[in-house]
Visitor: 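Shown below is the structure under consideration.
Here is how names work: the chains are called A, B, and so on, in the same order as the sequence lines, proteins then strands, and each is numbered from 1. Bear in mind the structure is a predicted one, so any value in this text is a computation, not a measurement.
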2 protein chains.
Amino acid sequence: MTTQENRFLKKVGKNIAQHRRKAGFSQLDICAEIKMEKPNLSAIENGRQNITALTMLKIADAIGVDVKDFFGSPSSSKKHE
Amino acid sequence: MTTQENRFLKKVGKNIAQHRRKAGFSQLDICAEIKMEKPNLSAIENGRQNITALTMLKIADAIGVDVKDFFGSPSSSKKHE
DNA sequence: TTATAGGTTATGATATATAATAACTGTCTC
DNA sequence: GAGACAGTTATTATATATCATAACCTATAA
């Protein structure tokens, strides 16, 4: 896994998490909707999983956004610091 | 695999093929660039593979487009008919 | 203290994406 | 006809995404 690839997965995961929170859902909400276990969604949102197209589709549908939205530049607000 | 999922993979594959051709590359060109075998790229472009995020990234980089471009509505010109 | 909610990490089993090879379509050119 | 080029289909092997469970952390609240 190159650092570019690592950054890419982290970016996608961050976008998923941001859109999910913006839509008012918890990880568990989405997991219930698409029948996924929460550790797996957590791994995706943290960029530790090389997510597939269909999994992206399911998550996007559950959140109510377009898959395309997962590939922009995430809002760059750091979590805490 | 639901029909919605099937349509989604076909759409993504069609977008990949269209962007690749528009950029003037053959399947073999891309395969050589990213070290993928041509049957696999063929399967992806025909929507028979649930492509992963990193594979999309590699293909997009090789073509010279953004991954986001694979998720729009493809130009709806039929191949022959 | 105890309990709940939201999220993370570790781990094992199973399904499947990818790697790889061979054989097969046309289509075009010689 | 033969040869090359672009793409497809079938197939097996290997790597890994997903499924699933348990345990953990940090708040917040009773």
Side-chain angles (χ1 to χ4, degrees), chain A residues 1-2 4-6 8-63 67 70-71 74 77-81, chain B residues 1-2 4-6 8-63 67 70-71 74 77-81:
Chain A
M1 175 104 85
T2 69
Q4 187 216 163
E5 289 173 341
N6 200 20
F8 178 73
L9 291 186
K10 283 217 182 327
K11 185 186 76 172
V12 171
K14 198 166 181 176
N15 278 326
I16 292 175
Q18 283 183 352
H19 279 100
R20 172 180 60 77
R21 290 204 170 93
K22 194 171 166 190
F25 297 117
S26 70
Q27 287 185 352
L28 209 55
D29 291 332
I30 304 302
C31 287
E33 177 84 10
I34 70 177
K35 298 181 202 335
M36 159 175 277
E37 301 305 315
K38 58 181 178 153
N40 304 315
L41 182 54
S42 176
I44 287 168
E45 292 192 351
N46 285 285
R48 270 180 285 105
Q49 281 292 328
N50 180 15
I51 189 174
T52 65
L54 290 185
T55 300
M56 288 190 272
L57 176 64
K58 286 179 201 160
I59 295 175
D61 281 356
I63 296 179
V67 175
F70 296 158
F71 294 97
S77 63
K78 308 297 190 312
K79 294 189 173 177
H80 277 159
E81 277 188 328
Chain B
M1 174 105 84
T2 69
Q4 187 216 164
E5 289 172 340
N6 199 21
F8 179 73
L9 290 186
K10 284 217 183 323
K11 185 185 77 172
V12 171
K14 197 166 181 175
N15 278 328
I16 291 175
Q18 283 183 351
H19 278 100
R20 172 179 60 76
R21 289 206 171 92
K22 194 170 166 188
F25 296 117
S26 69
Q27 287 185 350
L28 209 56
D29 291 332
I30 305 301
C31 288
E33 178 85 11
I34 69 176
K35 297 181 202 334
M36 158 174 278
E37 301 306 314
K38 57 183 177 150
N40 304 316
L41 181 54
S42 176
I44 287 168
E45 290 192 353
N46 286 285
R48 269 179 284 106
Q49 282 291 329
N50 181 15
I51 189 173
T52 65
L54 290 184
T55 300
M56 288 190 272
L57 177 63
K58 286 179 202 161
I59 294 175
D61 281 357
I63 296 179
V67 174
F70 296 157
F71 293 97
S77 62
K78 309 297 190 310
K79 293 189 174 178
H80 276 162
E81 278 189 328

Visitor: Could you give the CD-to-P distance, from B:Glu37 to D:dT12, as a whole number of Å?
Guide: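 For the pair B:Glu37 CD and D:dT12 P, the rounded distance is 18 Å.
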
Visitor: Starting the side chain at C-beta, find the nucleotide from C:dA23, D:dT21, D:dT9 nearest to A:Pro39.
Guide: D:dT21

Visitor: In whole Å, I'd like the distance from the NZ atom of A:Lys58 to the C1' atom of D:dC19.
Guide: 11 Å

Visitor: How is B:Leu41 classified with respect to the nucleic acid when contacts are heavy atoms under 4.0 Å: base, sugar-phosphate, or nothing?
Guide: nothing

Visitor: Which part of the nucleic acid, if any, lies within reach of A:Asn50 when heavy atoms closer than 4.0 Å are counted: base, sugar-phosphate only, or nothing?
Guide: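 Touches sugar-phosphate only.
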
Visitor: To the nearest Å, give me how far apart NZ (B:Lys38) and P (D:dT11) are.
Guide: 18 Å

Visitor: Is there a side-chain contact between A:Thr52 and the phosphate of D:dT18, meaning an N or O under 4.0 Å from OP1 or OP2?
Guide: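 Affirmative; the distance criterion is met.
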
Visitor: Would you say C:dT8 has OP1 or OP2 under 4.0 Å from some side-chain N or O of A:Asn46?
Guide: yes

Visitor: Taking OP1 and OP2 of D:dT9, is either one under 4.0 Å from a side-chain nitrogen or oxygen of B:Arg48?
Guide: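 For B:Arg48, the contact criterion (side-chain N or O under 4.0 Å from OP1 or OP2 of D:dT9) is met.
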
Visitor: Would you say B:Thr55 places a side-chain N or O within less than 4.0 Å of OP1 or OP2 belonging to C:dA17?
Guide: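 For C:dA17, OP1/OP2 do not have a side-chain N/O of B:Thr55 under 4.0 Å.
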
Visitor: C:dA13 C1' sits how many Å from A:Asn40 CG, rounded?
Guide: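 After rounding, the gap between these two atoms is 13 Å.
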
Visitor: How many Å lie between CD1 on B:Ile44 and P on C:dA17, as a whole number?
Guide: 10 Å

Visitor: Take atom CZ of B:Arg20 and atom P of D:dG7, then tell me their distance rounded to the nearest Å.
Guide: 4 Å

Visitor: Under 4.0 Å: is that the gap between some side-chain N or O of A:Gln49 and OP1 or OP2 of D:dT18?
Guide: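 For D:dT18, OP1 or OP2 has a side-chain N or O of A:Gln49 closer than 4.0 Å.
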
Visitor: If only atom types and distance count, is the side chain of B:Asn15 paired as donor or acceptor with the main-chain N or O of B:Val12 below 3.5 Å?
Guide: no

Visitor: Under 4.0 Å between a side-chain N/O of B:Gln27 and OP1 or OP2 of D:dC5, yes or no?
Guide: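 No.
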
